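Here is the structure we will look at, set down as structure tokens.
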There are 2 protein chains.
Amino acid sequence: MTQPSFCCPDHSGAQDAASILSQAQARAARLGLRLTPVRLRTLEMLIAAHGALGAYDVLEKLAAEGFGTQPPVAYRALNWLVEHGFAHRIRRLNAFTACSHPAHDHAAAFLICTACDSVTEAPAAEVTAALTDAAGQAGFAIDRATIEAVGRCHACTGAAA
Amino acid sequence: MTQPSFCCPDHSGAQDAASILSQAQARAARLGLRLTPVRLRTLEMLIAAHGALGAYDVLEKLAAEGFGTQPPVAYRALNWLVEHGFAHRIRRLNAFTACSHPAHDHAAAFLICTACDSVTEAPAAEVTAALTDAAGQAGFAIDRATIEAVGRCHACTGAAA
DNA sequence: CCTTGACTGTTATGATATAACATTAGATAG
DNA sequence: CTATCTAATGTTATATCATAACAGTCAAGG
Ligand SMILES: [Zn+2]
Ligand SMILES: [Zn+2]
Ligand SMILES: [Zn+2]
Ligand SMILES: [Zn+2]
């Protein structure tokens, strides 16, 4: 349910997975963050996943690899990755996805395809600017924002009529 | 926990509650939608609430008033209200809030104050336009979007240092 | 050594949400 | 005015998501 039997043609996960991972490792080194075995494996799973993974999906895999078997194991790793900018939480799906640009801090929007379950991270600088502006008119000062869109990805728009 | 002991000074809930409710009733009449007793009471609760209400908060009140006592009672009313534009779901809070402009369909952004737990609906036409544009550049066609910001409302920015 | 703090693990529980089915109340056709 | 159909409401039971609280491990520093 979390993952379709195969991926969107244009969801080029595999080809830049190595690149994302090395960016993440570079970031961790630069900031002195400890990317421990559980955290690293969790991040690798998120990177390898075609869509977002639920905490219990991650937990199941971690347990199968000999890590802890209880929910906090997965939640701790996932929350740590999110806090430190290696992953994002997708609230609409109660799930998590690897950050595709861990090299730098950034505002992101997520594009969730209802046909293939892919989740794409889109640059959201302008969206965030518009949101900050709209909030400012109400006298509201933004800390963090969640921007998620549900629809059809490029591949699925073309494919299914 | 869902509701602070008292409200932000500028959260003028009470004064336009009647107006929001009558707009909602007009909408229901216009579209031939049945705003039954459970649905109406649920909507009134959302309108009266200072912040968003969780499904179980609503359920508790409904049960106390003689409606059903089980979760589906609340979830059905809430989901119906959301589907038909009378309320919005706030994913970050796992909660629901009354739509403050039920007269017309609209894209909305939500401003969630971490100090007073208020949730304000802000017009989001421009934010949505920016998001649609960003998605379009990735070939993604948006159905619906969730836009939620966490921060400090006007009253709380002034009040707390 | 031995304390300290970060990390990993566990048990137990809490919080959110839905599936499946029974019952009731309005609408409609004969 | 019934028979029938459907939308709405209710229930039981269960699924799914998330955290609190505490115990053991281990490496760094005094
Ligand atoms: Zn990112
Ligand atoms: Zn797709
Ligand atoms: Zn609204
Ligand atoms: Zn506030």
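Since the model is a prediction, treat every value here as computed from it, not as a measurement.
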Q. Is the backbone of B/Arg91 close enough, under 3.5 Å, to the side chain of B/Glu148 for a donor and an acceptor to pair up by distance?
A.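 Pair found, side chain donor or acceptor close to backbone of B/Arg91.
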Q | Heavy-atom donor-acceptor pair, A/Arg39 side chain to A/Arg34 backbone, under 3.5 Å | A |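 Looks like yes, one N/O pair under 3.5 Å.
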Q: Would you please say whether a donor-acceptor pair under 3.5 Å links the side chains of A/Gln23 and A/His101?
A: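 Checked: A/Gln23/A/His101 side chains show no N/O donor-acceptor pair below 3.5 Å.
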Q: Considering just the side-chain nitrogens and oxygens of B/Arg76, establish if one lies under 4.0 Å of OP1 or OP2 belonging to D/dA7.
A: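 For B/Arg76, the contact criterion (side-chain N or O under 4.0 Å from OP1 or OP2 of D/dA7) is not met.
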Q) Below 4.0 angstrom from OP1 or OP2 of D/dA7, is there any side-chain N or O of B/Arg39? A)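 Answer is no, no contact under 4.0 Å.
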**Q.** B/Trp80 side, atom CH2; B/Leu33 side, atom CG - distance, nearest 0.5 Å
**A.**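 Result: 5.0 Å between the selected atoms.
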Q | Nearest-0.5 Å distance that lies between atom CG in A/Leu111 and atom OG in A/Ser118 | A |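 Result: 8.5 Å between the selected atoms.
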Q. When the ring centroid of A/Phe96 is compared with that of A/His88, is the distance short of 6.0 Å?
A.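 No, the ring of A/Phe96 stays outside the 6.0 Å limit from the ring of A/His88, centre to centre.
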Q: Could I get the full list of salt bridge (charged side-chain N to carboxylate O under 4.0 Å, His left out) partners for A/Glu65, not counting sequence neighbours?
A: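 Salt bridge (charged side-chain N to carboxylate O under 4.0 Å, His left out) check on A/Glu65 returns A/Arg41.
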(Q) Among residues at least two apart in sequence or on other chains, which ones pass salt bridge (charged side-chain N to carboxylate O under 4.0 Å, His left out) with B/Asp143? (A)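 For B/Asp143 there are no salt bridge (charged side-chain N to carboxylate O under 4.0 Å, His left out) partners, ignoring immediate neighbours.
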To the nearest Å, give me how far apart [atom1] ([X]) and [atom2] ([N]) are.
| X | N | atom1 | atom2 | answer |
| --- | --- | --- | --- | --- |
| A/Arg91 | D/dA18 | CZ | C1' | 11 Å |
| A/Leu78 | D/dA18 | CG | P | 10 Å |
| A/Asn94 | D/dT19 | CG | P | 11 Å |
| B/Tyr56 | D/dT16 | OH | C1' | 11 Å |
| B/Arg92 | D/dA18 | CZ | P | 13 Å |
| A/Phe96 | D/dC17 | CZ | C1' | 10 Å |
| B/Leu35 | D/dT9 | CG | P | 10 Å |

Q | Nucleotides bounding contact with chain B, strand DNA chain C, heavy-atom threshold 4.0 Å | A |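 Span of nucleotides near chain B: C/dT16 to C/dA19.
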Q: Mind listing the residues from residues 21-29 of chain A sitting with a heavy atom below 4.0 Å of DNA chain D? Number order is fine.
A: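 The answer is none.
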Q. Hey, can you pull the residues of residues 66-73 of chain B with a non-hydrogen atom under 4.0 angstrom from DNA chain D?
A.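 The stretch gives B/Phe67, B/Gly68, B/Thr69, B/Gln70, B/Pro72, B/Val73 as the residues lying under 4.0 Å from the strand, ordered by number.
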Q. Is the Lys NZ or Arg CZ of A/Arg152 less than 6.0 Å from the centre of B/Phe140's six-membered ring, within 45° of the axis?
A.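 No, a cation-pi geometry is absent between A/Arg152 and B/Phe140.
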Q: Kindly determine whether B/Leu43 and B/Ile20 satisfy side-chain contact (heavy atoms from CB on, under 4.5 Å), including the steps that lead there.
A: CA-CA 10 Å; B/Leu43 179 56; B/Ile20 293 174; 6.0 Å; no
Can you give me every donor-acceptor pair (side chain of residues 123-134 of chain A, partner residue at least two apart or in another chain, under 3.5 Å) with its distance?
{"residue": "A/Thr128", "atom": "OG1", "partner": "A/Ala124", "partner atom": "O", "Å": "2.8"}
{"residue": "A/Thr132", "atom": "OG1", "partner": "A/Thr128", "partner atom": "O", "Å": "2.8"}
{"residue": "A/Asp133", "atom": "OD2", "partner": "A/Gln137", "partner atom": "NE2", "Å": "3.2"}

